[in-house]
Amino acid sequence: MKKVDEIIRMTDITKTYGEGEAETTVLRDIDLVVKKGEFLGITGRSGSGKSTLMHIIGLLDSPTSGNYVLNGTDTSKLKEDELAFRRNKEIGFVFQSFNLLPKLSALENVILPAIYAGINNKERTEKATMLLTMLGLENHIGKKPNQMSGGQQQRVAIARALMNDPELILADEPTGNLDTKSGDDVMKTLRHLNDEGKTVIIITHEHDIAIQAKKLIQLEDGMLMHERKKTVAT
Amino acid sequence: MNIEELFVLSTKAIFANKLRSFLTTLGITIGVFAIIVLVSIGSGLQTYITNEISSLGPNIIDVIPGNSLLTAFGPGTQNKLTISLAQGLSDKLTSTAQVAPLVEVLTTVKYKNIESKNVYAIGTTYVYPKAVVYGKTVIGTFFSKGQEQSGANVAVIGYTVYSKYFKNQNPIGQKIFIGNEKYTVVGVTEKSGVSLGVDHDNVVYMPLEAAHSQFGIDRLTEIVVNAKSQELVPIVKTQINTVLSKKLTKDEFSIQTGDTLVNTISNITNMLSLALGGIAAISLLVGGIGVANIMLVSVTERTKEIGLRKALGAKRNDILAQFLLEAVMLSVTGGIIGIILGMLASIGIAIILVSTVTWWSVILAFGFSAAVGIIFGMAPALRASKLNPIDALRYE
Ligand SMILES: Nc1ncnc2c1ncn2[C@@H]1O[C@H](COP(=O)(O)OP(=O)(O)OP(=O)(O)O)[C@@H](O)[C@H]1O
Ligand SMILES: [Mg+2]
């Protein structure tokens with residue numbers, strides 16, 4: 001283990017989709033270091049690769065080339081089940097499009113990560129109830145996603161991300177679907193989590209939200225980032 | 001995830017999509033049901049016929065027209081077995097066997113203006129009760145040699161005919177109509193029951209000559225020969241062959257003993273079982289394809305769910321176990337329902353026809369239903385579990 005205060009170290013990360021003529025490079029030569037306890041904002045115009053980068057950070061996707069060290073471990077060396085273990089314990093992911101299971105209640109959705117962590121039923125139900133209450137959803141615990149507003153669903157998704165007490169919280173446009181008031185609430189929650197010592201990375205293209213982050217990076221300008229189509233592979 | 005949790009998860013998933021679960025189960029149920037019922041009928045038929053034949057007695061030799069049982073009743077075969085041939089045979093075999101020639105006609109019986117249609121009139125000789133088990137009488141006696149030779153119109157009636165006309169009343173001496181002619185009842189045969197939908201007691205026996213002159217038939221349905229002992233069976237067979245070969249070609253008659261009869265019939269019923277089994281296998285296959293289809297749709301539809309679960313920390317085995325258990329629960333439920341219904345139906349069929357549930361068919365059907373669930377449930381689940389979480393999540 002080296003440099004414990006670093007949670008993320010990315011070197012020369014590249015991501016391409018497709019092959020031959022259809023090949024698209026979405027991320028190019030990304031170098032990124034995030035320290036523990038940081039609150040990092042990522043901005044950039046639509047299609048600039050923000051979500052793609054976040055998925056790689058969250059171990060949901062793998063880079064085409066480059067090196068990604070998470071918490072001192074080279075992620076390219078991790079086996080599939082080890083990746084699953086880390087996604088479960090170390091990372092809380094809030095998706096751009098909520099990704100709640102439509103047939104499960106708010107409570108059941110929040111509990112999911114704890115099921116795969118092997119936490120017993122009583123303990124995880126208490127924890128999930130506590131989280132939902134903390135996020136102001138105590139009256140919506142038994143509701144299905146389609147019985148809730150967008151803001152409420154977003155908060156369920158946040159509660160789920162917090163379920164296993166991860167060190168790293170990744171939020172992909174957590175306020176994108178919300179009005180100003182609900183957006184502020186979500187940001188308040190994330191800032192609060194950051195104050196408690198968690199590392200938070202948030203994607204947004206709203207300026208007011210972006211400036212709330214302690215540190216801001218931009219895809220395209222600040223980073224070595226291109227979006228470009230190759231014609232013929234030579 | 002532990003087993004208990006998996007069960008809860010799979011049960012929830014099954015109930016979350018009731019119609020789809022029902023259809024999956026139904027496909028398996030029908031297939032398993034068909035296998036059990038059809039195999040039961042096939043094997044029931046076989047047991048029944050074998051028993052029936054061996055109940056005739058070990059010394060019975062049956063002479064039938066045509067070159068085998070299969071062609072005897074077939075079209076285009078000319079029956080060369082005449083009454084006079086049977087008479088000749090009877091004369092030659094007096095010391096070794098009892099010979100009973102038979103003609104059978106479907107006719108109408110009438111007593112006091114009450115008609116019974118479709119009664120079997122069997123023309124035979126006084127030897128019949130000595131040669132055939134069905135000839136035993138419970139009231140009166142079978143017609144005698146004397147009655148037969150005097151040309152009297154006498155008849156022995158089966159138990160069903162007796163019950164219909166003479167319940168609690170002495171039938172002896174009563175006059176009934178067989179076809180258009182009047183006969184005097186001299187006896188009632190013992191009850192022998194219904195099988196394969198045929199009532200063996202809905203018959204009347206009359207002298208061969210009477211049948212000949214009334215219905216104008218002189219070709220025999222069969223000649224039943226009962227050897228006086230089991231040791232004599234091969235000798236009698238040779239004797240019959242010698243006598244008949246003088247008048248008939250090899251193709252115009254055949255001699256069946258209990259053994260050969262059982263063999264011939266086993267061949268027929270085996271063919272039948274095979275055909276039934278084939279039909280059942282096809283229906284099971286169709287059921288299996290249905291399950292495969294539904295499973296495929298189910299898993300594909302839930303690719304997003306699989307992606308999300310993986311994103312939240314589900315390992316590949318967690319995903320596989322979830323879908324495997326779901327598939328197995330569905331197909332085993334379908335299998336069990338199919339087995340229960342199939343067995344009930346087999347028992348029901350046994351009342352009017354014959355059928356015996358064979359255990360191998362139950363095991364086969366059950367094994368198949370489980371296999372269908374595992375194979376067709378696993379393949380798509382395996383594919384989905386291998387997807388990288390983000391690709392699965394993006395799936396629409
Ligand atoms: N599976 C894929 N195959 C091919 N191209 C893809 C795939 N996924 C993403 N892309 C492309 O990669 C680029 C970056 O997508 P990404 O979702 O990371 O953008 P984003 O910055 O998050 O945009 P937004 O702000 O709209 O969410 C886009 O041009 C998109 O078309
Ligand atoms: Mg995005």
Side-chain angles (χ1 to χ4, degrees), chain A residues 15 17 26 51-63 79-105 108-121 124 144-145 157 159-164 166 170 172, chain B residues 1-22 297-326 329-330 381-396:
Chain A
K15 181 74 184 175
Y17 287 114
V26 178
S51 293
T52 308
L53 177 61
M54 195 70 122
H55 293 149
I56 293 172
I57 295 173
L59 301 178
L60 297 171
D61 207 352
S62 46
K79 294 201 183 66
E80 215 197 279
D81 280 358
E82 292 167 332
L83 289 171
F85 179 82
R86 277 162 196 270
R87 286 195 293 263
N88 184 245
K89 299 275 197 184
E90 295 177 11
I91 300 165
F93 207 110
V94 183
F95 292 92
Q96 190 166 4
S97 49
F98 315 148
N99 279 334
L100 299 175
L101 290 183
K103 294 206 166 122
L104 302 188
S105 69
E108 289 168 327
N109 266 293
V110 175
I111 278 173
L112 280 175
I115 291 179
Y116 295 112
I119 293 163
N120 75 49
N121 194 26
R124 69 196 186 207
K144 300 267 165 69
R160 184 178 64 189
L162 302 178
M163 190 63 200
N164 285 346
L170 307 176
D172 191 350
Chain B
M1 264 208 290
N2 60 31
I3 279 286
E4 221 173 293
E5 221 133 47
L6 270 173
F7 259 105
V8 174
L9 195 62
S10 300
T11 315
K12 256 190 195 153
I14 287 169
F15 280 98
N17 217 320
K18 293 195 189 66
L19 182 64
R20 189 161 63 199
S21 304
F22 170 74
V297 170
S298 165
V299 175
T300 310
E301 214 181 79
R302 286 158 67 189
T303 302
K304 232 182 137 121
E305 175 186 337
I306 292 172
L308 180 72
R309 288 180 183 274
K310 290 190 78 174
L312 298 178
K315 300 197 167 75
R316 186 184 286 186
N317 284 344
D318 292 328
I319 302 291
L320 278 182
Q322 178 189 343
F323 281 90
L324 179 66
L325 190 64
E326 212 178 299
M329 275 167 77
L330 282 177
L382 201 66
R383 203 190 56 194
S385 79
K386 280 184 185 157
L387 286 176
N388 124 6
I390 210 70
D391 290 338
L393 265 174
R394 279 226 188 85
Y395 195 94
E396 288 304 336

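Given the structure is predicted, the values throughout are model-derived calculations rather than measurements.
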J.: For B:Asn317, give me all partners under side chain to side chain contact (heavy atoms under 4.5 Å, CB included), at least two apart in sequence or on another chain.
T.: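 Once residues adjacent in sequence are excluded, the partners of B:Asn317 under the side chain to side chain contact (heavy atoms under 4.5 Å, CB included) criterion are B:Leu320.
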J.: Can you confirm whether A:His55 sits close enough to B:Arg394 that some side-chain heavy atom of one is under 4.5 Å from a side-chain heavy atom of the other?
T.: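 Yes, side chains in contact.
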J.: Looking at NZ of B:Lys304 and CG of A:Asn99, how far apart are the two atoms once the value is rounded to the nearest 0.5 Å?
T.: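 If we round to the nearest 0.5 Å, B:Lys304:NZ and A:Asn99:CG are 5.5 Å apart.
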J.: Using a 4.5 angstrom heavy-atom cutoff, name the option from B:Ala314, B:Ala392, B:Ala16 with the most pairs to chain A.
T.: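 Most heavy-atom pairs within the cutoff with chain A belong to B:Ala314.
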J.: Under the 3.5 angstrom rule, does the side chain of A:Asp81 hit a backbone N or O of B:Lys315 as a donor-acceptor pair?
T.: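 Not a single qualifying donor-acceptor pair exists.
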J.: If we only count heavy atoms from C-beta on, is the A:Glu80 to B:Lys386 side-chain gap below 4.5 Å?
T.: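 Sidechains of B:Lys386 and A:Glu80: no contact.
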J.: Any side-chain heavy atom of B:Leu393 sitting closer than 4.5 Å to one from A:Phe95?
T.: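 In short, these two side chains touch, coming nearer than 4.5 Å.
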J.: Got B:Asn17 and A:Lys103 here, is their nearest side-chain heavy-atom distance under 4.5 Å?
T.: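 Yes, close enough: below the 4.5 Å cut-off.
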J.: Closer than 4.0 angstrom, basic N to acidic O: yes or no for A:Glu82 and B:Arg316?
T.: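 Salt bridge between A:Glu82 and B:Arg316, a charged N being under 4.0 Å from a carboxylate O: no.
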J.: Which heavy-atom pair separates B:Ala311 from A:Leu60 by the least distance, and what is that distance?
T.: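 That would be CB-CD2, 3.4 Å.
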J.: Please determine whether side-chain contact (heavy atoms from CB on, under 4.5 Å) holds for the pair B:Asn388 and A:Asp61, giving the CA-CA distance in whole Å, both sets of side-chain angles, and the decisive distance to 0.1 Å.
T.: CA-CA 7 Å; B:Asn388 124 6; A:Asp61 207 352; 3.1 Å; yes
J.: Show your reasoning for whether side-chain contact (heavy atoms from CB on, under 4.5 Å) applies to A:Arg160 and B:Leu308.
T.: CA-CA 12 Å; A:Arg160 184 178 64 189; B:Leu308 180 72; 3.5 Å; yes
J.: If you round to the nearest 0.5 Å, how far is CG of A:Leu59 from NZ of B:Lys310?
T.: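 Atom-to-atom, B:Lys310:NZ and A:Leu59:CG are 12.5 Å apart.
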J.: Does any heavy atom of chain B fall under 4.5 Å from the side chain of A:Glu108, the backbone, both, or neither of them?
T.: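 Contact with chain B is through the side chain of A:Glu108 alone.
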J.: Considering residues, nucleotides and ligands other than B:Phe7, do more than 12 of their heavy atoms fall under 6.0 Å from its CZ?
T.: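 Atom CZ in B:Phe7 is not packed in, count stays at 12 or less.
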J.: Less than 4.5 Å to any heavy atom of chain B: does that hold for the side chain of A:Arg86, its backbone, both, or neither?
T.: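 Neither part, no heavy atoms under 4.5 Å.
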J.: Are side-chain heavy atoms of B:Leu312 and A:Met163 found at a separation under 4.5 Å?
T.: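 Side chain of B:Leu312 against side chain of A:Met163, heavy atoms only: no contact under 4.5 Å found.
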